[in-house]
Amino acid sequence: MTSQAGPASGSTRGDLFDPQCPTRQLLDRIGTKWTSMAVKVLAQAAPDEVRFAELQRRMPGVSQKMLSVTLRSLTRDGLITRRVEPTVPPRVHYQLTKLGLSLEVALATVRAWAEEHMAEIDRANELSEEHAAADG
């Protein structure tokens, strides 16, 4: 990690190009489709909470296990909070933190770029497959 002063926290700033920097692991965690979807659903509900079952319903294709892993990681990283109601069965609620809301801004930009350029990416993939088939 570098010795540059970080944002308001006064911590050090990461360096993506340093193989020992935890920034790489953080990008692995926040760069998944499930993280992006969960953060978007929670941002749309902000400042309200969203229950686990509702998150799963609004994220087609996510398994219960994958959603649990994603939410656990986001909670550990301080991006969301988790509240459990002691009912039978327990009701679990999630909410974005201020830090999580700041991540939504960046992820929204990436999602918009992906949606805007998906057709171009698909065409490039098709061309690549055609060239590979012609060469081999």
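For this chain, numbers begin at 1 and follow the sequence in order.
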Rounded distance [0.5 Å steps], [atom1] in [X] versus [atom2] in [Y]:
{"X": "R13", "Y": "T23", "atom1": "CZ", "atom2": "OG1", "answer": "8.5 Å"}
{"X": "S73", "Y": "W34", "atom1": "OG", "atom2": "CH2", "answer": "15.0 Å"}
{"X": "T81", "Y": "Q95", "atom1": "OG1", "atom2": "CD", "answer": "4.5 Å"}
{"X": "L79", "Y": "T70", "atom1": "CG", "atom2": "OG1", "answer": "12.0 Å"}

Would you call [X] and [Y] a side-chain contact if the rule is heavy atoms closer than 4.5 Å?
{"X": "R91", "Y": "V84", "result": "no"}
{"X": "L16", "Y": "L27", "result": "yes"}
{"X": "Y94", "Y": "L71", "result": "yes"}
{"X": "R24", "Y": "P19", "result": "yes"}
{"X": "L42", "Y": "I80", "result": "yes"}

Provide the closest heavy-atom pair for [X] versus [Y] in the form atom of the first, atom of the second, distance.
{"X": "V62", "Y": "Q56", "answer": "O-NE2, 3.7 Å"}
{"X": "V39", "Y": "L96", "answer": "O-CD1, 3.7 Å"}
{"X": "C21", "Y": "G14", "answer": "SG-CA, 3.6 Å"}

Practice item. Evaluate the salt bridge (charged side-chain N to carboxylate O under 4.0 Å, His left out) criterion for residues E54 and R51: first the C-alpha distance (whole Å), next the side-chain angles of each, then the deciding distance (0.1 Å), finally the verdict. Key: CA-CA 5 Å; E54 177 66 11; R51 288 186 55 198; over 6 Å; no
Check your understanding: Is it the case that T35 and T32 place a side-chain donor and acceptor less than 3.5 Å from each other?
Key ->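 Their side chains do contain a donor-acceptor pair, which is all the 3.5 Å distance test asks for.
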Review point. Can you tell me if Q44 and R58 form a side-chain donor-acceptor pair at under 3.5 Å?
Key: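 Yes, a side-chain donor-acceptor pair sits under 3.5 Å.
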**Study point:** Atom CD of Q64: over 12 foreign heavy atoms under 6.0 Å
**Key:**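 Count not over threshold, so no.
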Under a 4.5 Å side-chain heavy-atom rule over Ile, Leu, Val, Met, Phe, Trp and Tyr, are [X] and [Y] clustered together?
{"X": "M66", "Y": "L74", "result": "yes"}
{"X": "L101", "Y": "V110", "result": "no"}
{"X": "V69", "Y": "L26", "result": "yes"}

Point to revise | Residue that, paired with M59, satisfies side-chain contact (heavy atoms from CB on, under 4.5 Å) out of K33, M37, K40 | key: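 Going through the options one by one, the only one that passes is M37.
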Check your understanding: Quick one: hydrophobic cluster around V105, which other residues, with the 4.5 Å side-chain cut-off, linked directly or via members?
Key ->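 Result for V105 is none, singleton.
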Point to revise | salt bridge (Lys or Arg N to Asp or Glu O under 4.0 Å) partners of R111, counting only residues at least two apart | key: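 Only E104 meet the salt bridge (Lys or Arg N to Asp or Glu O under 4.0 Å) criterion with R111.
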